[in-house]
Structures are given as structure tokens and as C-alpha cells.
**Student:** 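Once you've had a glance at the structure underneath, I'll fire off some questions.
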Amino acid sequence: MMSQCRIVLLEDDPAQRELLSQILTEAGHKVHAVATQTEAEQALAAQTPDLLFSDWKLAQGDAGALIEQARRRWPTLAIVVATAYGSIEHAVHAIKLGADDYLAKPFTGQAMLLTVDKLARARALRQDNLQLKQQLSQQERLVDLIGHSAPMQALYQRIERVSQASATVLIQGESGTGKELAARALHKLSQRSGPFIAVNCGAIPASLAESELFGAEKGAYTGAHQTRIGKLEAAHGGTLFLDEIGELPLELQTRLLRALQEGSITRLGSSKERPVDLRVIAATHRDLAEAIQQGQFREDLYYRLNVIPLTMPPLRQRPEDIPALVHHFVDQASRRYGCPPPTLAPERMKTLMSHPWPGNVRQLGNVVERLVLLDELVLESAPSEEGIALPEQGVDWDSVERGYLEAALQRAGGNRSEAARLLNLGYKAFLYRLDKHGL
């Protein structure tokens, strides 16, 4: 079956442009036909298509500069060039500049469609390979990319020492410090051949939490139209990462403790125990000792999870790592969006290194991403030390509270657990205020 793709068609002859566009459109492709190189550049930048089909000879020069620029900016873009009278010289030059293939004029519609289909498939494979390479590269750099400061070196050594063990690990640290990266590093360095399964305990709806973790048989509850495999069972042979473990409801904490102690789970709606072989890594930004005192977390589960503790250092304690992190995020964002890296002047780097970074590495990554896209370095100002000045006319407290709730949710990307942390509220207190304001 012919692969369908988005095509920018550059042909300066109106009749030829209309004919080629018609053939490609009838074959199911989405075609954006243009007459000039400038229009082609604009279309490529705006649409990031799958394929560029261009005539070599244009009204003003040739398509060489366009091909070279497109190949440099979009490495996976498929490029086909049409050359007049079978000119081998032009075809060879186009290939050297980055074209994948060429068609010698005159060519048939069938020949064009076959070439487009072949390159569309090749482009999909090239993109898959690029994504895989980036994933592998990220995995290879999980342990040594984050930084080379003394706190991080100590963390790496601890990760390497405990990675081969099967004991549970509790990773503590502020939001944005890279707790999941540490968990993935532990899994990657271990001998476990199973998958790495990540679960955000603060993002699971309470009504679905039990079936999400332990699974459910068909018909176990209304809407259970088929058997569901839980996260603990899915992680068999591998690693289960329980992020924001402090947000797990108490009744599920009891079930989790039993599963960890006995090495087995029971699906919702079933009485059959199923053995599971998995390593559990939990993470939290909360003070679990305080949560235990408040009756929000089981003490026995805490000790079962905290066999091996790891603490992620906040970014403000390792400012010497910021330049390496900035260059990494610049390279990452430039490749992702296909745009040139911004100028990292010494003044900019000094500003980045002197910022307190309350949101840690995640916040730094977001700031650098904006810097790459807009060439804007925008940092949130630190809270005033002079206290709060109450206006003479007073304030509308409901409006103020609602505004802070909305701002916290926006910064946390909709993650309620993280938004509650930003406002220094307990999770239940935060949910109460959301319900109060209808958010």
C-alpha cells in the first residue's frame, strides 16, 4: 500500500505544477504547491512536511541552496529533484547537496508516485532510527550527563553501588531534580531484563488507582469490559517506579506493602494470587516522616521502601553544573525544533548561574527551551523580602486564591500534586480549594 505523506511541491511552471499536484493529490498525498524558492522555504518552516519535490531548474537559478538548507535543517526530510533531459551532472550535484533521489524529465506519473512512495518509507525508517539513536544516547548518558559536581559524583557512585541489588530504593528530593532519571539509571545499570514501568501516584484518579496498580478481571467493576493488567504485574522481571509515593491513598498503601512483602498480587475481582518479580523504586518530594506523624503515610511501608535511600541535590547546591546542563538543553531543543542555537554570551550564562532555580533542572530546561525558540532569557524574580503590602482598599481574597490556584496548575502542567507543592498545601487541602472554586 502506498504511503501517504505531506509534500511541498516546488515547480515554477504553472501547468506542470497543477498537473503534478493533481497526480499526487489523487494518490492520497497532501500537497502544498509553490512557485518560488522563498515560498518553498516558508512552507517547509511552517508545515515540517515529509517530502520536498522540487524541479532543479528554477526561474531564478537552481534548487541547490534550497536542498542544502533543507537537508541541514530537517535531517529526516525526504527530497526528490526533477532534472531536465536526464542531466546526470545536475542529478549528481543534487544528491551531493542532500537530495535522496532524482527523476529525469520527462517522467510518467507512475514513476513519480513510485519514487515518492519509496522515499516516504525510507524517511519513516530514518526517523525511527534517529529517535532510537536519541533514546539510546540519552540512556547512555543518564549517569554522567546531569553534572560533574561533588554532590552528583557522590550520587553516581551510590547509584552504581546499589544498582545490582534487588532491594527497594526511596529517592527523595525537590521537584525537578531528576528523580525519574535516577530511577532509570538504576534500572539501566541493573541486570533486570524486564521493562521499566513508571507510575505517577499523584496523577491516578482515586476510583481507578487500585485497578491501575493491581489490575482487574473482566466485569470486576462497572466499565471493566476486559481484563486489565496492573502496573505491578506489567513490571514483572523489571523495575516499577512509583513517583510521588506520598500521594498514594492509605488503603492502597496497605495493599502495596503486602505485595512487596509476599512478592505476589491479586487482581481486582479475583482471588488468585500471581507471583511478581520486580524491583520497586519510589520517589517523593514530601517529608514522609511528617506525613507519618499526620497519619497520611504508613510507617511500616516507609521502612519497607526506604531500604536504600537516595537524595537528589537541588540545582542551587551545584551551580557549577549549570553550563553543561544549559549546553545540553540548547542542543536538545535546537535539534527538536530545527532551529539554530542562540548566542550564549557570558552575561547570559552568569545570569543563569546566579539564579536560585526553585524548579531545579526542569525549570532550567524550560527556560533554555524558550531561549532557543524566542531568543528570550526570562527568569522569574525572587519573592520580595519586604513582606506583602496590603492595598488600602483591601483585596478580593477569593479572586486572589483562585488566581494562585490557576497559576500553580499552569506551572505544574496540570499535575495537581506538583501544584499543591508549589503552594505548600497538603494534597487534600489543595483538592478542597479546587472544588471550592470549581477548578
Side-chain angles (χ1 to χ4, degrees), residues 162-173 179-180 182-184 186-187 190 192 194-217 220-221 228-312 416-417 420-421 426-428 431:
V162 305
S163 61
Q164 303 301 317
S166 58
T168 55
V169 178
L170 179 62
I171 305 175
Q172 294 181 288
K179 294 187 288 292
E180 183 170 346
R184 289 184 181 275
L186 283 166
H187 174 70
S190 75
R192 305 195 70 84
F196 178 90
I197 303 294
V199 181
N200 188 327
C201 298
I204 307 175
S207 58
L208 299 177
E210 187 174 9
S211 62
E212 182 77 12
L213 290 176
F214 299 96
E217 296 290 346
Y221 56 88
R228 180 174 187 173
I229 304 297
K231 298 298 186 182
L232 277 82
E233 195 173 349
H236 180 72
T239 301
L240 177 68
F241 175 56
L242 297 173
D243 197 10
E244 299 300 347
I245 187 67
E247 310 303 333
L248 194 67
L250 280 169
E251 59 271 19
L252 288 184
Q253 293 179 26
T254 304
R255 285 204 62 181
L256 176 62
L257 176 63
R258 182 174 180 274
L260 294 178
Q261 290 175 335
E262 300 184 6
S264 63
I265 60 100
T266 303
R267 294 176 186 167
L268 191 64
S270 172
S271 59
K272 179 182 178 181
E273 290 192 352
R274 290 175 167 79
V276 288
D277 170 25
L278 74 162
R279 183 186 197 177
V280 171
I281 301 175
T284 181
H285 70 272
R286 294 184 61 184
D287 184 343
L288 291 185
E290 182 181 340
I292 291 171
Q293 294 296 322
Q294 296 175 352
Q296 298 175 351
F297 201 83
R298 290 185 60 105
E299 186 174 14
D300 47 6
L301 177 59
Y302 171 73
Y303 289 118
R304 184 67 182 81
L305 293 173
N306 197 31
V307 176
I308 300 175
L310 285 179
T311 301
M312 302 298 296
R416 293 184 171 190
S417 175
R421 186 198 70 79
Y427 190 61
K428 290 183 179 179
L431 293 181

**Student:** Taking it one step at a time, do Phe214 and Arg267 satisfy side chain to side chain contact (heavy atoms under 4.5 Å, CB included)?
**Tutor:** CA-CA 5 Å; Phe214 299 96; Arg267 294 176 186 167; over 6 Å; no
**Student:** Can you tell me how far apart CD (Glu212) and SG (Cys201) are? Round to the nearest 0.5 Å.
**Tutor:**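 It is 10.0 Å, given to the nearest 0.5 Å.
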**Student:** Mind listing the closest non-hydrogen atom pair of Ala234 and Pro195 along with its distance?
**Tutor:**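 Taking Ala234 first and Pro195 second, the nearest heavy atoms are O-CG, 3.4 Å.
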**Student:** Do Arg228 and Glu217 meet the salt-bridge criterion of a basic N to acidic O distance under 4.0 Å?
**Tutor:**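 Answer for the salt bridge query: no.
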**Student:** Determine whether a donor-acceptor pair (N or O, by modelled atom type, separation under 3.5 Å) exists between the side chain of Thr168 and the backbone of Leu305.
**Tutor:**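 Yes, the answer is positive, given that a donor and an acceptor are paired below the 3.5 Å cut-off.
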**Student:** Taking atom CZ of Arg274 as the centre, report whether more than 12 heavy atoms of other residues, nucleotides or ligands fall under 6.0 Å from it.
**Tutor:**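 Enclosed: over 12 neighbouring heavy atoms sit under 6.0 Å from CZ of Arg274.
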**Student:** Could you walk me through whether Leu250 and Phe297 pass the side chain to side chain contact (heavy atoms under 4.5 Å, CB included) check?
**Tutor:** CA-CA 7 Å; Leu250 280 169; Phe297 201 83; 5.6 Å; no
**Student:** Between atom CD1 of Ile171 and atom CG of Asn306, what is the distance when rounded to the nearest 0.5 Å?
**Tutor:**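 Going from the CD1 atom of Ile171 to the CG atom of Asn306 covers 11.5 Å.
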**Student:** State which residue, out of Asp243, Leu232, Leu240, fulfils the side-chain contact (heavy atoms from CB on, under 4.5 Å) condition with Val199.
**Tutor:**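 Only one of Asp243, Leu232, Leu240 forms a side-chain contact (heavy atoms from CB on, under 4.5 Å) with Val199, namely Leu240.
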**Student:** Between the side chains of Arg286 and Gln172, does any donor sit under 3.5 Å from an acceptor?
**Tutor:**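 There is no such pair between these side chains.
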**Student:** Do Glu247 and Arg421 meet the salt-bridge criterion of a basic N to acidic O distance under 4.0 Å?
**Tutor:**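 So Arg421 does not pair with Glu247 through a salt bridge.
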**Student:** Looking only at non-hydrogen atoms, find the nearest pair between Ala182 and Met312 and report the distance.
**Tutor:**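 Ala182 and Met312 have their closest heavy atoms at CB-SD, 3.8 Å.
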**Student:** Using every non-hydrogen atom in the two residues, find where Ser264 and Glu273 come nearest and quote the distance to one decimal.
**Tutor:**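 Residues Ser264 and Glu273, closest heavy atoms: OG-OE1, 3.5 Å.
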**Student:** When you measure from the side chain of Gln253 to the backbone of Arg298, do you find a donor-acceptor pair of N or O atoms at a distance under 3.5 Å?
**Tutor:**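 Yes; judged by distance alone, with no hydrogens or angles, the pair exists.
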**Student:** Do NZ/NE/NH1/NH2 and the carboxylate oxygens of Arg184 and Glu180 come within less than 4.0 Å?
**Tutor:**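 Here Arg184 pairs with Glu180 in a salt bridge, since their nearest N and O are under 4.0 Å apart.
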**Student:** Is there a donor-acceptor pair closer than 3.5 Å between any side-chain N or O of Lys179 and the backbone N or O of Gly173?
**Tutor:**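 Judged by distance alone, yes, a pair lies under 3.5 Å.
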**Student:** Ala209 and Ile204: which non-hydrogen atoms are nearest, and at how many Å?
**Tutor:**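 Scanning both residues completely, I find the closest heavy atoms to be CA-CG2, 3.4 Å.
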**Student:** Arg192 and Ser166: which non-hydrogen atoms are nearest, and at how many Å?
**Tutor:**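 Of all heavy-atom pairs spanning Arg192 and Ser166, the closest is NH1-CB, 4.5 Å.
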**Student:** Side chain to side chain contact (heavy atoms under 4.5 Å, CB included) for Leu213 and Leu256? Distances and angles first, verdict last.
**Tutor:** CA-CA 9 Å; Leu213 290 176; Leu256 176 62; 6.0 Å; no
**Student:** Taking His236 for the side chain and Asp277 for the main chain, is one N or O donor matched with an acceptor at less than 3.5 Å?
**Tutor:**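 Side chain of His236 to backbone of Asp277: a pair is present.
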**Student:** When you measure from the side chain of Arg279 to the backbone of Ser163, do you find a donor-acceptor pair of N or O atoms at a distance under 3.5 Å?
**Tutor:**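 Yes: the side chain of Arg279 pairs with the backbone of Ser163.
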**Student:** Run the numbers on Ile281 and Leu242 for side chain to side chain contact (heavy atoms under 4.5 Å, CB included), then give the verdict.
**Tutor:** CA-CA 6 Å; Ile281 301 175; Leu242 297 173; over 6 Å; no
**Student:** Do Leu260 and Leu301 touch side chain to side chain, with heavy atoms closer than 4.5 Å?
**Tutor:**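 Yes - at least one pair of side-chain heavy atoms lies under 4.5 Å apart.
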